[in-house]
There are 2 protein chains.
Amino acid sequence: MESSTASTKSRLSAEAARLFAQRGYHGTSIGDLAAALGIQKASVYSHIKGKEDLLAEIALAGAEAFHAALDAVPEGDPAERLRLALRAHLGVVDQQLEVATVWLNEWRYLTGPARERFLADRHHYERRIRRLFEDAVAAGALRAGLDIRHAVLAFLSIGNWAYTWMAHTIDVEREAEAFWSLLMHGVGAHPSEP
Amino acid sequence: MESSTASTKSRLSAEAARLFAQRGYHGTSIGDLAAALGIQKASVYSHIKGKEDLLAEIALAGAEAFHAALDAVPEGDPAERLRLALRAHLGVVDQQLEVATVWLNEWRYLTGPARERFLADRHHYERRIRRLFEDAVAAGALRAGLDIRHAVLAFLSIGNWAYTWMAHTIDVEREAEAFWSLLMHGVGAHPSEP
DNA sequence: CCTACCGATCGGTAGG
DNA sequence: CCTACCGATCGGTAGG
């Protein structure tokens, strides 16, 4: 019905991200995708070799988005870099919620080399976050003797679980600031702070 | 092959939790479940009316497990109750990883009244966690003026995202302590603390 | 818990 | 991007 300037292939990718995020990979049929595009089911195969191609493609787009957001964090004060990294991560979840949801949730249906590629990208991303914590501790910007493993897990837990509630959010940057403040100072009453 | 003292129905529930957690609800067929039990596909319908019954049942079991764990937290010091609540939550994820995974991830395929029931249980659980934070702030055990909304979200993010990595964990209680310490004191360097 | 069977839908292919 | 079609599998039912 509506005319579209986007190519059918790019519309297919966008619909796949949307439907995989909403109904799950196995809950979405090629027929569903075709119907969303207004074409016949068989025509979908003009653009892909198989259904898993779409999943692999979206997972790759997710990895690229998270890595690119981290790339954009400028050099400088190590604690500030971590703060911006959390903001960047939450920004991707907010701005590309469907792709992020697939990256966080549906990737597990990948098989073969695409799965290995995904895992490599994911581990690389987590190592980059870990490195930021290590640098910040080494620079004295964070608590000496910090339990880095759990600090990274807490960071990623907050950042990753966000896909479950981010749809209802208006201002991501405020959310990021609130979490950063909590992560830095904790919820406890500190005698030394106001 | 193996003799089993457990009823077929209870084995069915356990296999459903295992397979739904591993392959997803839509990625698991009634035939898969039957094969895991060593019976015919049609025989599964002696125990359930439809596939979604199994999902609803496991989701309910998840809600009961999380609520029961919270029920077991004794009255007393409000910050201590929160610490035990985090430990309880992570304990359920650790000890009932498959049920917890369905409760956290696969519930979204529920429809109708079962879905509404799930959401009510889930919101109730989150309100109970929120109440613990409110009580602790009121008692002066946490920072005055604490951003409770984000504190609850951070608590639940850490607790819920744990299903993704908990399988590789040996000692849950140590994990819980580590996260509680982080949540209380933060990662930042505090002039007033060692 | 079984055999036998149902219509619908699945991912995918052939051949334009 | 279409029509026409494939074998396999889906959730589920009938009737023991």
Side-chain angles (χ1 to χ4, degrees), chain A residues 1-59 102 106-115, chain B residues 1-59 102 106-115:
Chain A
M1 286 302 171
E2 55 177 326
S3 70
S4 165
T5 55
S7 69
T8 302
K9 177 61 199 338
S10 67
R11 288 204 300 141
L12 174 58
S13 300
E15 284 299 328
R18 189 177 69 83
L19 288 172
F20 291 173
Q22 186 181 104
R23 306 182 191 174
Y25 176 68
H26 287 304
T28 303
S29 70
I30 298 292
D32 291 337
L33 289 167
L37 297 176
I39 62 177
Q40 293 302 309
K41 186 182 75 163
S43 305
V44 170
Y45 289 92
S46 309
H47 305 284
I48 57 172
K49 279 188 300 183
K51 189 183 175 188
E52 198 177 334
D53 283 5
L54 286 167
L55 184 58
E57 185 195 305
I58 298 161
V102 171
E106 303 299 317
W107 68 270
R108 60 196 171 117
Y109 304 118
L110 286 172
T111 61
R115 185 188 183 90
Chain B
M1 287 299 171
E2 55 177 327
S3 71
S4 165
T5 55
S7 70
T8 302
K9 177 62 199 336
S10 67
R11 290 204 299 141
L12 175 59
S13 300
E15 285 299 329
R18 188 175 70 82
L19 289 172
F20 290 174
Q22 186 182 104
R23 307 181 191 175
Y25 176 68
H26 288 303
T28 303
S29 70
I30 298 292
D32 292 337
L33 289 167
L37 297 176
I39 63 177
Q40 294 301 309
K41 187 182 75 163
S43 305
V44 170
Y45 288 92
S46 307
H47 305 284
I48 57 172
K49 279 189 299 183
K51 188 183 175 187
E52 197 177 336
D53 283 4
L54 286 168
L55 184 58
E57 185 194 305
I58 298 162
V102 170
E106 301 301 316
W107 69 268
R108 60 195 170 115
Y109 304 117
L110 286 171
T111 62
R115 184 188 183 90

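Order of the sequence lines fixes the chain letters, A, B, ..., with proteins taken first and strands second; residue numbering starts at 1 for each chain. Just so it is clear, the structure is predicted and the values come from calculations on it, not from any experiment.
- Every residue two or more places apart in sequence or in another chain that forms a side chain to side chain contact (heavy atoms under 4.5 Å, CB included) with B:Ala59 is listed here: B:Leu110, B:Phe118.
- Residues B:Ala21 and B:Val102 come closest through the heavy atom pair N-CG2, 4.1 Å.
- For B:Ala42, there are no side chain to side chain contact (heavy atoms under 4.5 Å, CB included) partners, not counting sequence neighbours.
- Taken together, the paired segments of DNA chain D that extend over three or more consecutive Watson-Crick or G-U pairs, each closer than 3.5 Å at both contacts, are C:1-16 with D:1-16.
- Partners of A:Ser10 according to the side chain to side chain contact (heavy atoms under 4.5 Å, CB included) rule, which considers only residues two or more places apart in sequence or in another chain, are A:Ala6, A:Ser7.
- Not counting sequence neighbours, the partners of A:Ala17 by the side chain to side chain contact (heavy atoms under 4.5 Å, CB included) test are A:Ile58, A:Glu98, A:Val99.
- Applying the salt bridge (Lys or Arg N to Asp or Glu O under 4.0 Å) test to residues at least two apart or on different chains, none of the pairs has a partner in residues 37-46 of chain A.
- Residue order along DNA chain C, read from the 5' end via each residue's closest nucleotide, puts B:Thr8 first among B:Lys41 and B:Thr8.
- Taking each heavy atom of B:Tyr45 and B:Ile30 in turn, the nearest pair found is OH-CG1, 3.4 Å.
- The side-chain heavy atoms of B:Ile48 and B:Leu12, taken from C-beta on, include a pair separated by under 4.5 Å.
- Residues from residues 45-55 of chain B that place a heavy atom under 4.0 Å from any atom of DNA chain D, listed by number: B:Tyr45, B:Gly50, B:Lys51.
- Residue pairs meeting the side-chain hydrogen bond (donor to acceptor under 3.5 Å, both in side chains) criterion with at least one member in residues 18-36 of chain A, sequence neighbours excluded: A:Glu15-A:Arg18, A:Arg23-A:Asp32, A:Ser29-A:Asp32.
- Separation of atoms OG (B:Ser43) and CG (B:Leu37) is listed at 10.0 Å; rounding is to 0.5 Å.
- The side chain to side chain donor-acceptor pair (under 3.5 Å) search around B:Glu52 returns B:Thr111, not counting sequence neighbours.
- Of all nucleotides in DNA chain C having an atom under 4.0 Å from a heavy atom of chain A, the first and last in 5' to 3' order are C:dC10 to C:dT13.
- Sorted by residue number, the list of members of residues 18-38 of chain A with any non-hydrogen atom under 4.0 Å from DNA chain D is empty.
- For A:Arg115, the side chain to side chain donor-acceptor pair (under 3.5 Å) criterion is met by no residue, not counting sequence neighbours.
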